[in-house]
Amino acid sequence: MTLQKGLGGNRIAITGVGETPFLRKGEEGVMKMMTRASLAAIADAGLTPKDIDGYISNKYAGHGSDEVAFAIGAGEKRFCATTDSVGGTATSGQALQLAQMAIEAGLARHVLVPYAIQSTKPGGVYGFHAREPQKAGIEMPVGFFGQPTYFATMANRYAHEYGMTEEEQASIPMTYRAWAVLTPSAQRRDPMDLEAYRQSPMISTPLRAADCCLTTDGGGAYVVSAIEEARDMPHPVVSVQGLGLGFNNWPQGVLFTQTPCTYDFPGEVSAKLAYAMAGCDPKDLDLAQIYDGFTISALVQTEMLGLCERGDGPRFYAAGHGMPGGRMPINTSGGHMSGGYVPGMNLLIEAVRQLRGREGERQVPDAKLCAIAGLGGNNHSTTILARS
């Protein structure tokens with residue numbers, strides 16, 4: 001397989017990555033976690049804070065680039081931007097697109113992308129939808145509220161249309177847990193078989209606690225540089241080969257509950273664009289990292305990436321294809337369900353680490369090409385990273 005340079009492909013690389021520990025309830029605030037992760041990523045790239053001249057923040061993290069730059073003791077800031085999406089789209093697809101444009105335009109040499117989340121603060125991730133007038137006025141009064149409830153309706157709809165047994169549904173979180181067992185930094189490492197899955201509390205039928213992402217306090221960051229500079233930096237070059245963004249324009253207030261098909265995310269659009277830019281297709285991938293907020297969302301994104309046909313996702317996972325030793329390893333650090341929930345960020349960092357080829361027991365042999373699927377609700381990103 002020969003990768004072709006698409007529009008913008010193979011011009012930037014991710015040169016440094018860093019994370020804080022993933023904790024069920026940590027003592028550090030968002031700003032401190034972002035700072036620690038940023039300093040780790042900068043050091044990993046072989047740089048100092050004075051080398052960072054570009055920043056891309058996310059408005060939902062609550063801290064802008066000025067605060068981050070001050071906290072890390074940075075040098076001159078030449079470029080800054082803010083993504084306004086939630087989930088994996090903001091921390092991977094949108095941020096990388098902005099970083100690419102800044103570097104290609106000569107506005108920055110090394111762009112820092114930091115993010116952190118404190119899921120255990122009062123309200124946690126539930127507070128995001130609680131602020132939406134449609135939900136507060138129409139859905140919440142009758143008890144139709146909370147992400148597990150929204151995604152449970154998707155799972156029921158999917159099972160009605162394509163069929164999905166309890167065993168098949170369980171095989172998805174079991175796959176990610178099998179990878180987490182091999183990952184020292186994962187938040188949940190206890191092995192999970194079908195019986196252990198069935199002992200997990202039912203949250204919203206058919207979703208058990210094991211079908212939901214973790215509650216995590218944690219941070220992550222990465223550094224983006226021009227590929228020419230990356231060749232002189234400490235690690236094997238991990239280049240951005242393809243980027244695709246898809247949108248459906250439904251407002252967040254109705255997105256997960258009132259659309260004609262609530263699990264029909266724009267993932268096929270983003271995947272098509274990313275594959276075209278990278279000059280590859282699904283069969284060329286060595287592994288994938290898929291935004292697994294819930295079992296059902298990971299399932300349909302697996303299909304949208306083209307790893308299996310629409311409706312075949314339950315059988316794909318039940319056959320063990322995503323497991324360690326399977327033909328298409330997925331979420332090799334445990335993902336958001338077992339590794340840690342720093343939306344999209346830890347998936348991208350894991351992709352970089354796998355492509356560097358130094359992950360020991362969980363290393364995917366000869367990993368050269370990885371797709372990252374980032375769900376942001378009414379938007380979706382697909383990123384193709386390659387070891388150059």
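Values below: all heavy atoms of this structure, side chains included; hydrogens, waters and symmetry mates excluded.
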- Could you note down all residue pairs passing side-chain hydrogen bond (donor to acceptor under 3.5 Å, both in side chains) where residues 31-42 supplies at least one of them, sequence neighbours left out? Glu28-Arg36
- Item | Selection residues 61-85 - residue pairs positive for salt bridge (charged side-chain N to carboxylate O under 4.0 Å, His left out), sequence neighbours left out |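 Qualifying pairs, neighbours excluded: Asp53-Arg78.
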Assess the side chains of [X] and [Y]: does a donor N or O sit below 3.5 Å from an acceptor N or O?
X: Tyr60; Y: Thr83; value: no
X: Tyr115; Y: Tyr222; value: no
X: Thr215; Y: Ser119; value: no
X: Asp51; Y: Thr48; value: yes

In this structure, would [X] and [Y] fall into the same cluster of hydrophobic residues linked by side-chain contacts under 4.5 Å?
X: Met337; Y: Val181; value: no
X: Met174; Y: Leu207; value: no
X: Leu299; Y: Met323; value: no
X: Tyr197; Y: Ile172; value: no
X: Leu243; Y: Leu107; value: yes

Please identify each residue that fulfils side chain to side chain contact (heavy atoms under 4.5 Å, CB included) with [X], with sequence neighbours left out.
X: Pro251; value: Val254
X: Gln187; value: Phe22, Arg24, Leu214, Thr216
X: Ala373; value: Ile290, Gln301, Leu305, His380
X: Lys272; value: none

- Query: Can Glu139 and Thr257 be said to form a side-chain contact (heavy atoms from CB on, under 4.5 Å), step by step?
  - Reply: CA-CA 9 Å; Glu139 296 176 359; Thr257 56; 2.6 Å; yes
Look at the side chain of [X] and the backbone N and O of [Y], then say whether any donor-acceptor pair between them is shorter than 3.5 Å.
X: Gln199; Y: Leu194; answer: no
X: Glu268; Y: Met304; answer: no
X: Thr183; Y: Trp179; answer: yes
X: Arg188; Y: Arg177; answer: no
X: Asn331; Y: Gly334; answer: no
X: Asp284; Y: Asp281; answer: yes
X: Asn378; Y: Asn249; answer: no
X: Thr15; Y: Ala230; answer: no
X: Asn156; Y: Ala152; answer: yes
X: Asn379; Y: Gly246; answer: no

- Task: With sequence neighbours excluded, tell me which residues meet side-chain hydrogen bond (donor to acceptor under 3.5 Å, both in side chains) with Glu350.
- Result: Thr332, Gln354, Arg362
- Message: So, using side-chain hydrogen bond (donor to acceptor under 3.5 Å, both in side chains) as the criterion, who are the partners of Thr20 when residues are at least two apart?
- Response: none
Does the side chain of [Y] come within less than 4.5 Å of [X]'s, by heavy atoms?
X: Leu96; Y: Leu98; result: no
X: Tyr158; Y: Thr262; result: no
X: Ser297; Y: Asp292; result: no
X: Leu39; Y: Pro49; result: yes
X: Val223; Y: Ser225; result: yes
X: Val111; Y: Ile103; result: yes
X: Pro173; Y: Met192; result: yes
X: Asp286; Y: Asp366; result: no

- With sequence neighbours left out, write down each residue that passes ring pair (Phe, Tyr, Trp, His ring centres under 6.0 Å) with His63, or none if nothing qualifies. none
- Query: Under the ring pair (Phe, Tyr, Trp, His ring centres under 6.0 Å) rule, what pairs show up with a residue in residues 285-315, not counting sequence neighbours?
  - Reply: Phe151-Phe294, Tyr291-His336
- Message: As a quick check of understanding, evaluate side-chain hydrogen bond (donor to acceptor under 3.5 Å, both in side chains) for Ser57 and Ser65, giving each step before the final call.
- Response: CA-CA 6 Å; Ser57 54; Ser65 61; 5.2 Å; no
- Query: Could you walk me through whether Asp44 and Arg356 pass the salt bridge (charged side-chain N to carboxylate O under 4.0 Å, His left out) check?
  - Reply: CA-CA 12 Å; Asp44 184 59; Arg356 289 176 175 176; 2.9 Å; yes
- Taking the six-membered ring of Tyr150 as reference, does the NZ or CZ atom of Lys135 fall below 6.0 Å from its centre and within a 45° cone about the axis?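 Verdict for Tyr150: a cation-pi partner in Lys135.
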Quick one: do [X] and [Y] make a salt bridge, cutoff under 4.0 Å?
X: Arg310; Y: Glu161; answer: no
X: Glu228; Y: Arg109; answer: no
X: Glu309; Y: Arg315; answer: no

- Query: When rounded to the nearest 0.5 angstrom, what distance separates CD in Glu27 from CE in Met33?
  - Reply: 11.5 Å
- Item | Residue pair Glu104, Arg11: steps toward the side-chain contact (heavy atoms from CB on, under 4.5 Å) verdict | CA-CA 8 Å; Glu104 290 181 356; Arg11 296 177 183 173; 2.9 Å; yes
- Task: Verify side-chain hydrogen bond (donor to acceptor under 3.5 Å, both in side chains) between Thr302 and Tyr317, making sure each step is shown before the conclusion.
- Result: CA-CA 10 Å; Thr302 300; Tyr317 278 97; 2.7 Å; yes
- Excluding Val269, membership of its hydrophobic cluster (Ile, Leu, Val, Met, Phe, Trp, Tyr; side-chain heavy atoms within less than 4.5 Å) reads Leu273
- Item | Whichever hydrophobic residues join Leu245 through chains of side-chain contacts under 4.5 Å | Phe247
- Query: Between Gln363, Glu359, His235, Glu19, which is the residue that forms a side chain to side chain donor-acceptor pair (under 3.5 Å) with Arg353?
  - Reply: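 The residue from Gln363, Glu359, His235, Glu19 that satisfies side chain to side chain donor-acceptor pair (under 3.5 Å) with Arg353 turns out to be Glu19.
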- Query: Can you check side-chain contact (heavy atoms from CB on, under 4.5 Å) on Ile117 and Asp217, steps first, answer last?
  - Reply: CA-CA 6 Å; Ile117 188 170; Asp217 290 353; over 6 Å; no
- Query: Hey, mind stepping through Gln94 and Ser381 against side-chain hydrogen bond (donor to acceptor under 3.5 Å, both in side chains) and telling me if it holds?
  - Reply: CA-CA 7 Å; Gln94 286 186 342; Ser381 68; over 6 Å; no
